[in-house]
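Working notes, structure below.
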Protein chains: 2
Amino acid sequence: MLTDVLRRFNRTYTQRIGVLDDSFLGTGRPLAVSRLLFEVGETPGTTVRALRDRLDLDSGQLSRMLRRLEADGLVTTVPDETDRRRRLVRLTPTGQDAYDDLEHRSERRAVELVAPLTGRQQERLADALRTADILVRAATVRLEEVASDAPVAREATRRYFAELDARLPAGFDPGGPDAPEPGATYVIATSGGEPVAYGGIRPVLDDGTAEIKRMWVHGDWRGAGLGGRMLRHLEALAAGQGHRRVVLDTNGTLLEAIAMYERAGYTRIARYNDNPYAEAFFEKPL
Amino acid sequence: MLTDVLRRFNRTYTQRIGVLDDSFLGTGRPLAVSRLLFEVGETPGTTVRALRDRLDLDSGQLSRMLRRLEADGLVTTVPDETDRRRRLVRLTPTGQDAYDDLEHRSERRAVELVAPLTGRQQERLADALRTADILVRAATVRLEEVASDAPVAREATRRYFAELDARLPAGFDPGGPDAPEPGATYVIATSGGEPVAYGGIRPVLDDGTAEIKRMWVHGDWRGAGLGGRMLRHLEALAAGQGHRRVVLDTNGTLLEAIAMYERAGYTRIARYNDNPYAEAFFEKPL
DNA sequence: TATTTCATCTGACTAAAGTCAGAGAATGCT
DNA sequence: AGCATTCTCTGACTTTAGTCAGATGAAATA
């Protein structure tokens, strides 16, 4: 059913909106090279590796295209001082002009495309595309276990703490550096390599209880059901490790989080730790 | 604003849904050939010409790809007996198998893509894509003047009459063959070569009045604002020809049509002709 | 009936995209 | 310190895709 709609849309899309990419034609550069230039412009200072992943290109092919852009004076590549195997790619001023040109072409195409619609129709289309966008992106998020000291996990933790600090009335101080937590498992959700949600479990007592820790969802991704998905994932993980009950704590000001836990079947219990930032405590049998 | 959403979606799309086309890979045939095979399977018995338009290919390239599919025993091409310049393309049984395989691959990909979403999210996505689909298709409809005896105009007229016949309580009989209407102008709206809306104007009196005739919108395209767009187009055409007023008649059972005319600023007037099927009469100053 | 126009095809190309093996430098791991 | 791994690059391809100029046969048109 949905797949029919999806496939039908796919056809419409490739025939009609796909021509947005045609705007990259007529620049005197092949499509792939323009796409690369555009990608460099979107994410200045990325590594060659990241471009390769993002555009799904052969390393040789990408390298040659970069040489071509360099020869045209559009990009520069310099070694990454933190890891000199990597090279960082940036636009030159000329490259920035070429990028701006691509932007304008793409924008013009988009304007042309929607011009025949009335104002109301344009609003409906914008709503529909926004919804589709976030759902499709949410659908393609990948959940993976990570070590809690992996760079992407550190980054997610940093953002989690930063958000607590911003939202709790008295701020938040994580205290010293991470203490190692024996038996803990952390899971990162990434979209295009960027962390978008994070969370973990650790065994608390020998009575078959696991605690859910550091549940965090990227601000741009609220409302996409990622929190619920992460929660289900962690519960399944805990069950797989033999736990029969999960508990968690949270601050009383995090209302959406509390609502989500309640929707997910968690019930309030009494304080079970001395975490000064925690005000609400939950449990759920598995 | 909308263009931002559109362009953002475009990126999400090419990265995530676009891979639906990748399902055509791994079949031992290049992507373009698979696409062609798929297109032939979707519209059995099309002409080479139609495929060329639909896939936007060079005639030589298409011809060679067809030879390749023929050599693989997947399609057959036979001359079109009604016009022996044209050739009709059909799948062989082997070709049908290969088409089914493409279908399955594409379906599987679609299922995988949306699997992580909850039921409610899948519904929301389906709604959003359905809306986006019809609006994007509506936006890319082309309006062109046609001779009222052009094949596409005849086809639209036939459907218009068929619909009247189905909807009017007493049925509808168009009478004899079309009488030539001096000074009449007809406009066809097409999407991918198919007629989706139709209408025309003809001068009625020498007092600067034009009459709108044969307004028809394809059943699958109701609610996409095509009727209103056609109406505005015809009004502009009439104004351009020096008319200062348009009139039209319609049957009382065509409620959406009447509602549309009223929304568009038409007011009811007295009967101005002896058309036995007409029960409501409208005018609008230009 | 002569001449345009149309639909399809072949030949002879060029350009773009994709593949694979391997080299060289930097870093990680034990 | 030694070996494996990672990142980027070059070289030497093959395959796809796209272009252009006709040729041929079949309709349409004057």
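Lettering follows sequence order; numbering is per chain, from 1. Only heavy atoms go into these numbers, but all of them, side chains included; no hydrogens, no water, no symmetry mates.
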Any carboxylate oxygen within less than 4.0 angstrom of a Lys/Arg side-chain nitrogen, looking at D4(A) and R8(A)? no
Would you say the side chain of V5(B) lies within less than 4.5 Å of the side chain of D133(A), judging by non-hydrogen atoms? no
Mutual orientation of the aromatic rings belonging to Y198(A) and Y186(A) [parallel < 30°, tilted 30-60°, perpendicular > 60°]: parallel
Considering heavy-atom distances to DNA chain C, does T47(B) or V33(A) have its closest nucleotide positioned more toward the 5' end? T47(B)
Looking at R108(A) and E112(A), is there a salt bridge between them, counting it only when a charged N and a carboxylate O are closer than 4.0 Å? no
Not counting sequence neighbours, which residues clear ring pair (Phe, Tyr, Trp, His ring centres under 6.0 Å) with Y160(B)? List them please. none
Rounded to whole Å, CG of L36(B) lies from P of dT16(D) at a distance of 15 Å
Which residues satisfy the side chain to side chain contact (heavy atoms under 4.5 Å, CB included) test with D83(A), sequence neighbours excluded? R85(A), R86(A)
In whole angstrom, give the distance that lies between atom CZ of R49(B) and atom C1' of dT5(C). 12 Å
Taking the side chain of R86(B) as its heavy atoms from C-beta onward, which of dA7(C), dC9(C), dC9(D) lies nearest to it? dA7(C)
Among the candidates dT8(C), dA17(C), dT8(D), find the nucleotide nearest to the side-chain atoms of R52(B). dT8(C)
Sequence neighbours left out, what pairs pass salt bridge (Lys or Arg N to Asp or Glu O under 4.0 Å) with at least one residue falling in residues 57-69 of chain B? R67(B)-E70(B)
Does any donor atom in the side chain of S191(B) or R137(B) lie under 3.5 Å from an acceptor atom in the other side chain? no
Whole angstroms only, please: what is the CG-C1' distance between L57(B) and dT16(D)? 12 Å
Please report the end-to-end axis angle for the helix from dT1(C)-dA30(D) to dT30(C)-dA1(D), five pairs per end, rounded to 10 degrees. 30°
Can R11(B) and E39(A) be counted as an ion pair, charged N to O under 4.0 angstrom? yes
Just how far, in rounded Å, is P of dC7(D) from CG of L66(A)? 16 Å
Specify the separation, in whole Å, of atom CD of E70(A) and atom P of dC9(D). 8 Å
Using atom CG of L62(A) as one end and atom C1' of dT10(D) as the other, report the distance to the nearest whole Å. 14 Å
Length of the CG-P vector between D56(B) and dG18(D), whole Å: 9 Å
For L88(A) and dC9(D), give me the distance from atom CG to atom P, rounded to whole Å. 11 Å
Please report the closest heavy-atom contact between P79(B) and R87(B), naming both atoms and the distance. CD-NH2, 3.9 Å
Heavy-atom protein contacts under 4.0 Å, nucleotides 19-30 of chain C, coded B base, S sugar-phosphate only, - none: BB-----BS---
Please confirm whether the shortest side-chain N or O distance from R67(B) to OP1 or OP2 of dT8(C) is below 4.0 Å. no
Distances under 3.5 Å only, N/O to N/O: pair up the protein atoms with those of nucleotides 1-3 of chain C.
none

To the side chain of R68(B), which of dT8(C), dA17(D), dT16(D) is closest? dT16(D)
Should V217(B) and M230(B) be marked as a side-chain contact (heavy atoms from CB on, under 4.5 Å) after you check the CA-CA gap, both sets of side-chain angles, and the distance that decides it? CA-CA 9 Å; V217(B) 174; M230(B) 177 62 81; 6.0 Å; no
Minimum side-chain heavy-atom gap S34(B)-L102(B) below 4.5 Å: yes
